[in-house]
Amino acid sequence: MVLSGRLGVLRVLGLFAVFDAVCLLDAGMLFPRESSSREVKELNGVWSFRADKSPKRNQGFESAWYKRRLAETGPVIDMPVPASYNDITQDPTLRDFIGWVWYEREVVVPVRWVADEGKRVVLRVGSAHYYSVVWVNGVKVTEHEGGHLPFEAEIGSLIRNDPSNACRITIAVNNTLTLETLPPGNIQYLNDPTKYPDGFFVQNIFFDFFNYAGIHRPVLLYTTPKAYVDDITVVTDFLDNTGLVLYNISVQGAATATLNISLIDKDGYSVASSSKPSGVLKVVDVKLWWPYLMHQNPGYLYSLEVRLLSANGISTNEDVYTLPVGIRTVNVSSTQFLINNKPFYFHGVNKHEDADIRGKGLDWPLIVKDFNLLKWLGANSFRTSHYPYAEEIMQMCDRHGIVVIDECPGVGIKDIRSFGNASLKHHLAVMDELVRRDKNHPSVVMWSVANEPASEMHPAEFYFKTLIEHTKALDPTRPVTYVTDSNYAKDKGAPYVDVICVNSYFSWYHDPGHLEVISIQLNTEFENWYGKYQKPIIQSEYGADAVPGLHNDPPVMFTEEYQKVLLQNYHSVFDQKRKQYVIGELIWNFADFMTVQGIFRVVGNKKGVFTRQRQPKAAAFILKERYWRLANETGTLPPWTKYPCSF
Ligand code: GCB
């Protein structure tokens, strides 16, 4: 199929220009998938665990706990992986522990992996909070700074050194935050002997969720041949009914290689193919990727099957990797957010990775339940407040058509010392890792580089200009934002964002108890931001705490009635402004979640429209009614439901 006309040529040339930028990152971080050439072995389950409770928390390093079985170094306990360790035991010192904890498990590696010198064996940690060091059989294989994102190491040669032994994996994880980490935090020693015991310290954090720690996402081993597909980047577009998939394959470990690339539709038919490492695949009668409730067939995914053939003189090897691909475009005008050239209105939620017992640990029943609740609610989108979510969740979003604003862990940047060079360097590196991990997800439509930083401070301008420009250079196909609660006239980063995302808590943190101020204050907020910047606006947070089962009418704060009426007051203003330049509303929060203890929180933040156990409060029904009405007005309801929705 040849794309006809000058417009087609220009479109493809334009795509190539942005594409060079998306390929800037040097190494890949493809999600481990099984194929005819790759095996995956999950190491989830019960690991041995020991918190280093020595005064300086460094006994584990001084005594080299990684050199022996952890149980030989002292008492160990069972610890599930993935899970936060904080809520697993009855020990309050472990719940609030700061410092190094040690995990260990032994793995029997299949003999064919050891015997086959032509195989790479990669150890991958989906995420661990916060700083991790990893050893295999006592040899350090990698370390990684930052939670929420994956890291890996090739360990084939190490396990081949001593094939008779089980492979012992030791991971030390430290949750200490500094002014230069993301999120930032600091340790404060309190030395007054009349008030505090010897060595007393606290970790101060500037964000409103419990600082859960441990190995939060799956740990696994996977194999690839020595010559392997290291990375794939896709950028998509369409012209009339022809889809364009611009792709780039990066290969490692092969001097010469042959590629067979095929784009396969859901029925298993190959719709386009190529043998070049980069190029454009053209798809006739394209089926676009659409958001949930915007199209009858949302979340359509093709499969990009990459076959790499390489020869090393003695034998031929094949590596096969299949990437799901959704074909869609994203554009922003001064008043609209466009997906596939159609206006998209975000009616969605903010979430947290948070639940009873497992904390921030990946949990499939919870993930599937949450997607069912999102769909029940009629939510078409969420923001990954305030850090990148598990890749498994992003894949669900791709498949179900849930649109994502993908946020990095830049939350709580409040101290002027967190705007220095070291902080910026780390923040840029985290954006590199995030874009590298999530660039191919069609559900990701915008990057958010931070939440509520002190963006009125002087250094914020250079900091956010650099960060946002860097992110746009990494990925020119998606808009970039940060989420602000600052004053429109003083915000230093707003000139650089594509979409204004603003949080406000009228009649809650401001004028508590006065629901009657919402209409005027919200109107003023929108008019001020739009008047100054002429950029579309998302109300990226609004809400009120409601203790489930607490009632009062007329409404008073913390009751289900108050949360309900507060939402309704916001909604009236959204309904006026969404006809103009407001392009979305994201409730704070989808579900109640755990926070640090303090006088403002009663066992956590209760702004969820669902409880932490995922039961609806009265507000959930208000939101459900509204979201389905919005969908009925702005999108296409799926054939299996009618408005008003019956389930
Ligand atoms: C905010 C923060 C969010 C908090 C929320 C609240 O502005 O972005 O992390 O949890 O307010 O409930 O105070």
Side-chain angles (χ1 to χ4, degrees), residues 147-148 177 182-185 204-212 346 348-355 359-360 382-389 405-414 418 448-456 460 481-488 491 493-494 497 500-513 518 521-522 525 529 537-548 557-560 562-563 566-567 570 584-612 617 619 623:
H148 319 288
L177 300 173
L182 280 190
N204 298 313
I205 53 173
F206 318 112
F207 52 87
D208 181 37
F209 50 90
F210 191 82
N211 192 30
Y212 279 112
F346 294 78
V349 304
N350 289 278
K351 289 183 96 267
H352 263 300
E353 288 183 321
D354 173 272
K360 289 199 179 305
F382 65 76
R383 168 165 73 115
T384 67
S385 42
H386 293 306
Y387 38 78
Y389 292 178
I405 300 173
D406 204 353
E407 188 157 285
C408 92
V411 55
I413 306 175
K414 305 283 189 195
S418 296
S448 165
V449 299
N451 178 68
E452 295 185 358
S455 50
E456 300 177 357
T481 191
Y482 73 0
V483 172
T484 182
D485 63 344
S486 130
N487 181 301
Y488 78 100
D491 194 288
V497 302
I500 304 279
C501 284
V502 58
N503 297 346
S504 62
Y505 287 91
F506 304 128
S507 98
W508 190 261
Y509 294 123
H510 308 282
D511 304 296
I518 293 174
Q521 295 190 3
L522 188 56
E525 170 196 285
W529 279 103
I537 303 176
I538 296 177
Q539 179 73 37
S540 40
E541 285 181 29
Y542 69 106
D545 289 74
V547 178
M557 290 177 78
F558 293 100
T559 63
E560 293 202 31
Y562 193 91
Q563 186 186 37
L566 183 141
L567 263 51
Y570 266 81
E585 52 189 87
L586 305 175
I587 184 79
W588 191 264
N589 190 286
F590 172 76
D592 293 346
F593 57 91
M594 193 46 69
T595 62
V596 69
Q597 298 184 60
I599 51 168
F600 288 103
R601 299 287 176 250
V602 189
V603 195
N605 187 310
K606 296 278 187 286
K607 293 194 186 69
V609 295
F610 296 100
T611 64
R612 201 179 192 211
K617 302 181 193 170
L623 217 53

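When a ligand or atom number is given, it counts from 1 through the structure's own listing order. This structure is a prediction, so every number in the text was calculated from the model and none was measured. The first residue of the sequence shown is numbered 1, and numbering continues consecutively from there.
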Do the side chains of Asp354 and Arg612 get close enough for a salt bridge, i.e. N-O under 4.0 angstrom? yes
Between the side chains of Asn605 and Asp208, does any donor sit under 3.5 Å from an acceptor? yes
Contacts of type side chain to side chain contact (heavy atoms under 4.5 Å, CB included), residue Phe600, not counting sequence neighbours: none
Do Tyr542 and Tyr505 have ring centroids that are under 6.0 Å from one another? no
Hits for side-chain hydrogen bond (donor to acceptor under 3.5 Å, both in side chains) against Glu407, two or more places apart or cross-chain, chain-then-number order -> Arg383, His386, Ser448
Which protein residues have a heavy atom under 4.0 Å from ligand 1? Asp208, His386, Asn451, Glu452, Asn503, Tyr505, Tyr509, Glu541, Trp588, Phe593, Arg601, Asn605, Lys607
Can you name the residues that form a ring pair (Phe, Tyr, Trp, His ring centres under 6.0 Å) with Tyr389, not counting sequence neighbours? Phe382, Tyr387
